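Notes follow once the structure below has been shown.
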Amino acid sequence: MSKEKNDGGIQSEVARKISKQIRRKKKRSKIKSAAVKSIAVATVACILVVSTLLIYKNRDLFNPRNLEDTLSNAEGGVTAKIGGAIDVITGNTAEYVSYADGIAVVTTNSVRYATMSGKDSFILDAEFNSPAVSAAGGWLLAYDKSGKALFVTNTSGKNTSGDGFGENLSAHINKNGYISVFSEAEGYKCALSVYDDGLNLRYRWKTTEYYGIASAVSNDGKTCAAAVVKPENGALVCKIIILDISKEGVKAEADLGEVIPTDIWETESGFLALADGCAAAVDSDGSITEKTDFGASKMSGYSRDGLGGVFAVLNKGDITARYELLHIDSSARVAASEYLDSDVDSISAANGLLAVLTGSGINVYDSGFNLKRLITPDGEVKKIIIIADGTVVMVTSDEVLTA
């Protein structure tokens, strides 16, 4: 399965590479500070990567001349062409994410939101060396993976921007606008900062012990959970750290053993942590309330379902079923599963729907893996994003299509 950087290369593979780097450096008796950056930068790398294309809807309504007049790629690409009202751009540095009723695109010089209807869309100026994005509910966080820049907006386009504590490693925003950011910190392995939607600092935790991978703030803004790792006695210790943002220090810890965490996000009852070998529900007291182990299978991709759960792709390595698709709910229980005997190149989820790119086309499933649509490829697609209404946005090297 191809890797993506998002929500999200596919982070499980990145985390495994990181753990190997840490172990090698442990043997040399010193972990250099560069390892800090490689862990979280690669981890933030997220979720949705390759896809397919299709005859786009309403082509007779499309006016290339108007789009060329209003939208050109400032990063050396070409003008985007699409069959609906979404006018976004292509480019190697662009980050795409399903957001609210449409799609958000973050480039080195802009933050854009577009819907199929054309309502509530905006284009905002911003500057990033290496853009990344996180979205939940009506809130969008864009940030610079090789700098300090943070940029927060809602669907109205009202925005706040500023610099974080240090060079950003990973960041997350929840549906109420609470933000958590892992960053570099001189003299520490990393720092974790919590902000409100106006980028006002609410809390900061620095650690000389752990490398930060991912973090999330509870919906009520009172608790922060962080997926962290540290080398110890020649092994890699992996934990979920719980922080009460009204107090100093660590409130609780949940031990994951040597199962490397790749992501964590808030749910209605706590947090859902995803690792290369399991999914675990963790409450605000640090207790693992439910856990699904992947056994001998390794996770090769995932995409959050937009409802608190996640779709995961497990590499079975079996002749008759090469991959297993799991829908894991917000309580870390398996809600549905499906086996595939074809290659899985990419997945993308939103609002309980899942789009899967295989060697023969794009399958669109509901939350129970009932096949809703089959889209036949008609060319090479670089990225795929499914948005809340089920529209599949497909990005090629020179155009953006919808199906």
Side-chain angles (χ1 to χ4, degrees), residues 1-2 4 6-8 47-64 66-68 71 73 77-91 94-105 112-121 135 301 303-306 311 313 325 327 338 340 342-403:
M1 179 168 181
S2 59
E4 183 180 73
N6 210 268
D7 25 354
I47 314 191
L48 315 167
V49 148
V50 188
S51 172
T52 57
L53 44 100
L54 186 250
I55 299 174
Y56 43 80
K57 297 179 179 179
N58 303 321
R59 184 165 183 167
D60 56 325
L61 301 178
F62 169 62
N63 187 331
N66 288 344
L67 269 180
E68 289 178 5
L71 183 64
N73 185 354
V78 300
T79 300
K81 300 178 181 180
I82 93 184
I86 299 177
D87 50 19
V88 294
I89 67 172
T90 60
E95 288 293 322
Y96 299 77
V97 66
S98 176
Y99 169 55
D101 294 326
I103 186 171
V105 187
R112 302 180 178 211
Y113 170 54
T115 64
M116 288 300 296
S117 67
K119 295 180 180 180
D120 302 320
S121 299
S303 183
R304 298 179 202 169
D305 66 4
F311 290 98
V313 181
L325 304 178
H327 185 204
E338 176 78 0
L340 292 177
S342 59
D343 286 336
V344 176
D345 295 318
S346 179
I347 65 172
S348 174
N351 199 30
L353 298 173
L354 174 70
V356 181
L357 173 64
T358 71
S360 59
I362 300 176
N363 298 339
V364 179
Y365 299 97
D366 64 13
S367 59
F369 291 115
N370 298 300
L371 186 64
K372 308 301 289 185
R373 283 197 295 157
L374 177 60
I375 302 172
T376 304
D378 192 27
E380 183 181 2
V381 173
K382 302 298 183 182
K383 295 178 184 289
I384 180 173
I385 309 93
I386 188 170
I387 62 178
D389 67 358
T391 299
V392 178
V393 179
M394 295 157 287
V395 184
T396 73
S397 59
D398 58 3
E399 58 187 352
V400 178
L401 309 174
T402 63

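Side chains included, hydrogens not; waters and symmetry mates left out as well; all remaining heavy atoms used. Keep in mind the model is a prediction, meaning the values are calculated, not measured.
- Between Met394 and Thr402, the shortest heavy-atom contact is CE-C, 3.7 Å.
- At a threshold of 4.5 Å between non-hydrogen side-chain atoms, the residues Val356 and Val313 do not count as touching.
- Rounding to the nearest 0.5 Å places CG of Leu353 at 11.0 Å from OG of Ser303.
- Nearest heavy atom pair, residue Tyr113 against residue Asp120, reads CD2-O, 3.1 Å.
- Residues satisfying the side chain to side chain donor-acceptor pair (under 3.5 Å) test with Asp366, not counting sequence neighbours, are Asn370.
- Looking only at side-chain heavy atoms (C-beta outward), Leu374 and Asn363 come within less than 4.5 Å of each other.
- The CG atom of Leu401 lies 11.5 Å from the CD1 atom of Ile384; values are rounded to the nearest 0.5 Å.
- Residues meeting the ring-ring contact (aromatic ring centres under 6.0 Å, His included) test with Phe369, sequence neighbours left out: Phe311, Tyr365.
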Checklist entry - Does the pair Val105 and Tyr99 meet the rule for a side chain to side chain contact (heavy atoms under 4.5 Å, CB included), with working shown? => result CA-CA 9 Å; Val105 187; Tyr99 169 55; over 6 Å; no
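- One distance of note links CD1 of Ile103 with OG1 of Thr115; it measures 11.5 Å at 0.5 Å rounding.
- The two residues Ser342 and Thr358 have their closest heavy-atom pair at OG-CB, 3.6 Å.
- In terms of the side chain to side chain donor-acceptor pair (under 3.5 Å) criterion, Asn351 has no residue partners (sequence neighbours excluded).
- Scanning all heavy atoms of the two residues, the minimum distance from Val392 to Arg373 falls at CG2-NH2, 3.7 Å.
- Under the 3.5 Å distance criterion, the side-chain polar atoms of Ser348 are matched with a main-chain donor or acceptor of Ile386.
- Under the 4.5 Å side-chain criterion, counting only non-hydrogen atoms from C-beta, Ile387 is in contact with Met116.
- Taking each heavy atom of Ser98 and Ala350 in turn, the nearest pair found is OG-CB, 3.5 Å.
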